[in-house]
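To start, the structure itself, in structure tokens.
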Amino acid sequence: MLFPFLSDSFARKRHRIPNSRIPLNALQRAKVISPTVTPITSPRATATRERELGTKMDETTAFRQRDRRPEALGSLSVLPDETICVLLEYLPPRDIAHLACVSSVMYILCNEEPLWMSLCLRRAKGPFDYKGSWKNTTLHLEGVTQDDDRKPLHFDGFNSLYLYKRFYRCNASLDGFSFDDGNVERRRDISLDEFSKEYDAKKPVLLSGLADSWPASKTWTIDHLSEKYGEVPFRISQRSPNKISMKFKDYISYMKTQRDEDPLYVFDDRFGEAAPELLKDYSVPYLFQEDWFEILDKENRPPYRWLIVGPERSGASWHVDPALTSAWNTLLCGRKRWALYPPGKVPLGVTVHVNEDDGDVSIDTPSSLQWWLDYYPLLADEDKPIECTLLAGETIYVPSGWWHCILNLEPTVAVTQNFVNKENFGFVCLDMAPGYQHKGVCRAGLLALDDENSEEMEEEKTHGEDDSTLSYSDLTRKEKRVRMNGEEETENHEGDANGVSKRYNMWKNGFSYDIDFLSKFLDKERDHYNFPWSMGNSVGQREMRGWLSKLWVLKPELRNLIWKGACIALNAEKWLRCLEEVCNFHNLPSVTEDEKLPVGTGSNPVYLFSDYAVKLFVEGGLEQSMYGLGTELEFYDILCRANSSLKSHIPDVLASGILYFENGSYKVVPWDGKRIPDILTSSNLDFDASMLNSEFPFGIWNKTLLQQRNKGKPPAPDSFGSLSSHVWPYIITQRCKGKIFAQLRDDLTWSDAQNLATFLGQQLRNLHQLPYPPVTRPELLNANEGHEELKIPPEWKVFVDDLCQKKKDVTNRLENWGNPIPKALMNKIDEYIPDEFFVDLLHVFKDTDVGDEIKPCTWIHSDVMDDNIHMEPYADDDSVDGQHNSWRPGHILDFSDLSIGDPIYDLIPIHLDVFRGDTDLFKKLLESYGLPLIRSKSAAADGMRKKVLSPSYRTMCYCILHEDNVLGAMFSIWDEFRTAESWEQVELTVWSFLNSY
């Protein structure tokens with residue numbers, strides 16, 4: 001038997017389970033009707049309830065059948081049904097089939113539709129087709145042919161209040177539920193000035209009349225949308241991380257037949273792309289047209305508008321809108337019940353979790369229907385939320401930070417948008433600041449603080465919470481436990497009770513949702529540039545920096561507000577002070593008001609003013625910063641001595657040094673990269689003899705050794721310790737005139753783009769022909785042991801070993817990026833890049849008399865992307881009066897991420913980021929590049945050895961193993977890859993043209 005501790009007559013008499021695997025279609029016989037429980041009004045159910053309450057009843061009248069649960073579940077009978085149901089969700093369908101055959105109760109539990117819904121959504125991806133039940137749909141996804149002639153089994157003697165309550169929620173009709181109009185203020189014909197003064201970022205309001213002129217007010221009905229857009233797939237919201245979609249006609253079919261507690265509903269942020277005509281049916285109401293995210297490029301703008309279609313019982317469980325944005329929601333048909341709490345008042349039954357490392361926020365919450373049925377009745381009148389019933393044609397405004405929950409009382413269609421304006425801008429910046437405590441306070445109030453800090457806030461007439469996972473539901477449970485204790489226990493826990501009461505009062509009284517107050521909870525030791533970025537943030541780090549930079553230029557009249565937000569999110573005030581100290585030391589002009597915010601999207605603060613560009617090295621802490629600047633200075637030294645024409649296209653280095661804060665004042669010392677600065681040697685840091693004797697102690701090979709030592713290990717604290725908080729390397733270069741390519745991408749002519757491709761090919765050629773320092777580190781030379789007889793260059797061995805290390809955690813790395821890489825591709829990584837790949841790649845240069853012209857490795861810039869290419873204006877032959885009408889490339893920027901490796905590596909970001917997959921431009925680059933892509937004189941061998949000599953295959957392998965999100969860029973360019981079945985398909989689509997170069 002599969003589980004010998006589970007046994008009853010069902011298993012003994014009906015299913016003798018051999019050791020061989022049970023076929024998945026054994027589940028065909030398991031078609032039990034909903035939960036096999038007796039209605040709550042039956043004597044048997046009553047007995048179950050009263051037994052739980054400790055009431056004794058006559059067994060002969062209460063139970064006419066034996067209770068089969070203890071025997072059927074064996075040792076598992078000590079677990080509540082809810083726990084067993086949760087555990088079952090972690091099993092694959094085939095194991096559920098085994099368990100269904102073990103005992104009668106397991107048969108019942110294993111045929112629950114909510115279980116199959118969870119199993120199905122965990123597996124479904126892309127287009128989705130509902131087959132009448134979740135079990136049928138799951139078996140269809142598993143490729144199981146079903147036999148509809150088998151009848152489900154039925155058992156008496158099993159009663160489950162948990163299953164019954166869930167069954168009730170799944171089948172409840174809301175027609176008979178009584179709801180009043182609510183207590184959200186209602187307004188009509190309100191002016192923009194009134195809205196701004198009374199409601200914007202302050203409190204919710206229900207508005208009528210805003211959609212009266214919309215075509216959608218007449219055409220956005222279930223039937224009309226189904227008729228017009230029935231074949232269009234829309235994205236579906238559900239609890240699975242996988243993204244699924246359904247044709248609208250299939251979704252309507254599901255909507256009419258489902259009996260789910262938390263039904264699927266259309267929640268599509270790309271409905272405008274799927275059905276562009278829908279965008280013509282409505283317009284953003286005049287009250288909400290200011291949206292500061294609007295200045296971001298389409299690909300960088302976070303999701304902001306959604307089409308929402310859902311059946312009765314569907315809805316959105318308790319949440320706070322992403323990035324603390326505000327939102328409006330207009331209902332076009334049906335009725336929605338809304339409940340709202342002000343910022344910091346976590347609803348009963350909801351728990352907020354904030355990750356202490358990156359500040360990522362997650363929320364545990366019951367479904368909206370379960371909350372209204374199970375939690376709402378427990379609330380005292382004064383603790384109930386603000387409520388309203390939204391009717392067709394009405395719009396509700398939800399301010400920043402407000403908790404809200406929505407329940408569809410009947411089938412509904414709605415449209416909603418989130419936005420950032422001058423009223424909530426500070427909160428949005430705060431939510432993207434590094435750290436976690438401030439995020440907890442924004443959502444859970446002073447309950448997010450420990451007791452000592454919350455008392456301090458109370459004394460200041462302000463408010464807060466506990467650790468990173470406190471909730472109002474925790475307090476309620478504690479209060480009940482205290483009340484249920486006997487007198488002795490109550491006396492022992494008197495302090496506990498007082499604490500709970502105090503915390504309840506903190507919840508009830510609320511707190512000051514004020515940006516200045518909330519900013520007090522920022523972690524001053526954490527900095528935007530060198531602490532983890534939460535994957536839950538609406539935009540990435542680069543995009544956020546670019547957004548603030550654009551706002552600074554486009555909204556000069558609001559610079560005080562933007563500066564305040566930048567100080568919160570970027571610690572901009574701190575970096576401006578550092579810049580001023582560098583300028584004073586080098587007698588540079590002071591920055592103007594226009595120039596005091598870091599520019600661009602780079603990962604370190606960069607300032608452009610007068611004729612200068614100043615870069616402060618911050619990212620990754622002091623150790624990484626020292627190696628970044630040290631390698632760049634070593635490279636520049638080689639570049640000058642080599643007299644390469646590349647020098648004309650790299651900004652001149654004017655000065656470099658170390659800025660540090662000591663004894664209450666800033667100090668600056670020059671540093672050219674050729675020694676270890678005194679600030680480091682005097683701080684008891686351990687530098688080995690090889691590093692001390694290096695010409696450039698923070699140069700390329702010492703940097704490579706550090707990366708090799710850290711490879712495959714969890715991120716370690718900066719070995720330079722506390723120095724990272726007050727020591728910053730910097731470099732000053734000549735400012736380039738013009739603009740970066742990222743600002744001009746959409747404005748360039750085809751001729752300009754071709755000139756850019758030619759320029760990049762020429763400069764890559766110059767870069768890849770530049771000599772690099774020989775490997776001198778003994779540890780790197782020793783890594784070549786065992787291969788001396790093969791005469792493999794040590795730098796090539798180091799490069800291949802690094803790739804091999806990246807392969808070890810490639811699956812986790814790709815999953816963490818969160819991009820929709822098909823499961824079929826994830827499962828084939830080992831097949832596509834077998835271990836032999838690294839052996840054969842290593843042996844490409846075996847026994848080769850390597851000449852200078854075919855060195856296996858070159859300098860690799862690693863980051864030739866749209867923000868590191870500088871364009872300058874010029875007047876071509878068609879210009880009028882000598883005015884410039886074209887742009888030509890002038891410089892390549894930022895050499896702090898240099899490495900030594902296969903030159904193919906530099907082609908990847910250019911093709912994907914600069915050219916966005918344009919093959920014609922890439923071929924133009926290769927024409928001017930003129931160097932071999934595969935630099936081996938080895939004769940081509942058979943099998944894998946021959947395969948690694950294929951440029952397309954090798955490049956694709958580098959993309960998969962890349963430390964950056966290269967595959968994410970690919971999948972954003974080629975949508976067809978989301979359903980790709982093989983890596984060969986991706987390789988040939990993106991890189992096949994390299995094979996004919």
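Side chains included, hydrogens not; waters and symmetry mates left out as well; all remaining heavy atoms used.
The side-chain heavy atoms of K555 and I562, taken from C-beta on, include a pair separated by under 4.5 Å. Contact check for V539 versus M432: side-chain heavy atoms found under the 4.5 Å cut-off. Inter-residue side-chain proximity for V606 and V614 is flagged as unmet; no heavy-atom pair is nearer than 4.5 Å. Residues R187 and E194 form a side-chain contact, since some pair of their non-hydrogen atoms from C-beta on lies under 4.5 Å apart. Side-chain contact check for M544 versus V428: every heavy-atom pair is 4.5 Å or farther apart. Counting heavy atoms from C-beta outward, P434 and D523 have side chains that stay 4.5 Å or more apart. In this structure the side chain of H726 never reaches within 4.5 angstrom of the side chain of E662, judged on heavy atoms. No side-chain heavy atom of I386 sits less than 4.5 Å from a side-chain heavy atom of W403.
Ring-plane geometry between F419 and F288 is classed as tilted, the angle between the planes lying from 30 to 60 degrees on a 0 to 90 degree scale. Ring geometry for W338 against H404 counts as parallel: the plane angle stays under 30°, on a 0 to 90° scale with 60° as the upper cut.
Using a 4.0 Å cut-off between a side-chain N of Lys or Arg and a carboxylate O of Asp or Glu, D297 and K550 qualify as a salt bridge. With respect to the salt-bridge test (charged N to carboxylate O, under 4.0 angstrom), the residues E387 and R337 qualify. With respect to D193 and K197, a salt bridge is recorded, a charged nitrogen being found less than 4.0 Å from a carboxylate O.
Considering CZ of R526 and OG of S725, their distance stands at 14.0 Å, rounded to 0.5 Å. For the atom pair CG (N418) and CG (D321), the distance works out to 4.5 Å, reported to the nearest 0.5 Å. Note that CG of L407 is 5.0 Å distant from OG of S368, once rounded to the nearest 0.5 Å. With rounding to the nearest 0.5 Å, the separation of CG in L340 from NZ in K203 is 13.5 Å. One finds the NZ atom of K574 at 10.5 Å from the NZ atom of K524 (value rounded to the nearest 0.5 Å). Here CG of L685 is found 6.0 Å from CG of L723. Values are rounded to the nearest 0.5 Å.
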Evaluation steps, side-chain contact (heavy atoms from CB on, under 4.5 Å), between V415 and W328 | CA-CA 9 Å; V415 63; W328 59 268; 4.0 Å; yes
In sequence, state the C-alpha distance, the side-chain angles, and the governing distance for N424 and S400, and then conclude on side chain to side chain donor-acceptor pair (under 3.5 Å).
-> CA-CA 6 Å; N424 64 15; S400 166; 5.5 Å; no
So F427 and Y513, ring pair (Phe, Tyr, Trp, His ring centres under 6.0 Å) or not? Walk me through it.
-> CA-CA 9 Å; F427 299 111; Y513 192 67; 4.4 Å; yes
Take K564 and D516 through the test salt bridge (charged side-chain N to carboxylate O under 4.0 Å, His left out) and record every step on the way to the result.
-> CA-CA 10 Å; K564 184 175 181 178; D516 293 325; 2.8 Å; yes
Should E543 and L548 be marked as a side-chain contact (heavy atoms from CB on, under 4.5 Å) after you check the CA-CA gap, both sets of side-chain angles, and the distance that decides it?
-> CA-CA 9 Å; E543 290 74 20; L548 292 175; over 6 Å; no
Test side-chain contact (heavy atoms from CB on, under 4.5 Å) applied to L579 and Y730, step by step = CA-CA 9 Å; L579 173 68; Y730 67 87; over 6 Å; no
Verdict with supporting geometry, I679 and K667, side-chain contact (heavy atoms from CB on, under 4.5 Å) = CA-CA 11 Å; I679 184 65; K667 299 179 182 179; over 6 Å; no
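Between F425 and W563, the ring centre distance reaches or exceeds 6.0 Å. Aromatic pair W728/F661: centroids not less than 6.0 angstrom apart.
A donor and an acceptor atom, one from each side chain of E290 and W292, are located under 3.5 Å apart. Counted by atom type alone, Y304 and E294 present zero donor-acceptor pairs between their side chains at under 3.5 Å. Between H438 and D431, the side chains place no donor N or O within less than 3.5 Å of an acceptor N or O (distance only, hydrogens not considered). Looking at D867 and T601, their side chains do bring a donor and an acceptor atom within 3.5 Å of each other. Looking only at atom types and distance, the side chain of T351 has no donor-acceptor partner in the side chain of D364 under 3.5 Å away. Between the side chains of D894 and S896, at least one donor N or O lies within less than 3.5 Å of an accepting N or O. A donor-acceptor contact closer than 3.5 angstrom is absent between the side chains of D262 and S367. Remark: the N421 side chain and the D291 side chain contain no N/O donor-acceptor pair separated by less than 3.5 Å. Inspection of the Y666 and R577 side chains reveals no N or O donor paired with an N or O acceptor under 3.5 Å. Y397 and N329 form no side-chain donor-acceptor contact under 3.5 Å, judged by distance and modelled atom types alone.
Residues S317 and T365 come closest through the heavy atom pair OG-CG2, 3.4 Å.
The 12-atom threshold is not exceeded at CD of E525, counting heavy atoms of other residues, nucleotides or ligands nearer than 6.0 Å. A 6.0 Å sphere centred on CD of E573 holds no more than 12 heavy atoms belonging to other residues, nucleotides or ligands.
For the pair K615 and F617, the distance from NZ or CZ to the six-membered ring centre is under 6.0 Å and the angle to the ring normal is within 45 degrees.
In this structure, K439 contributes its side chain and G359 its backbone to a donor-acceptor pair below 3.5 Å.
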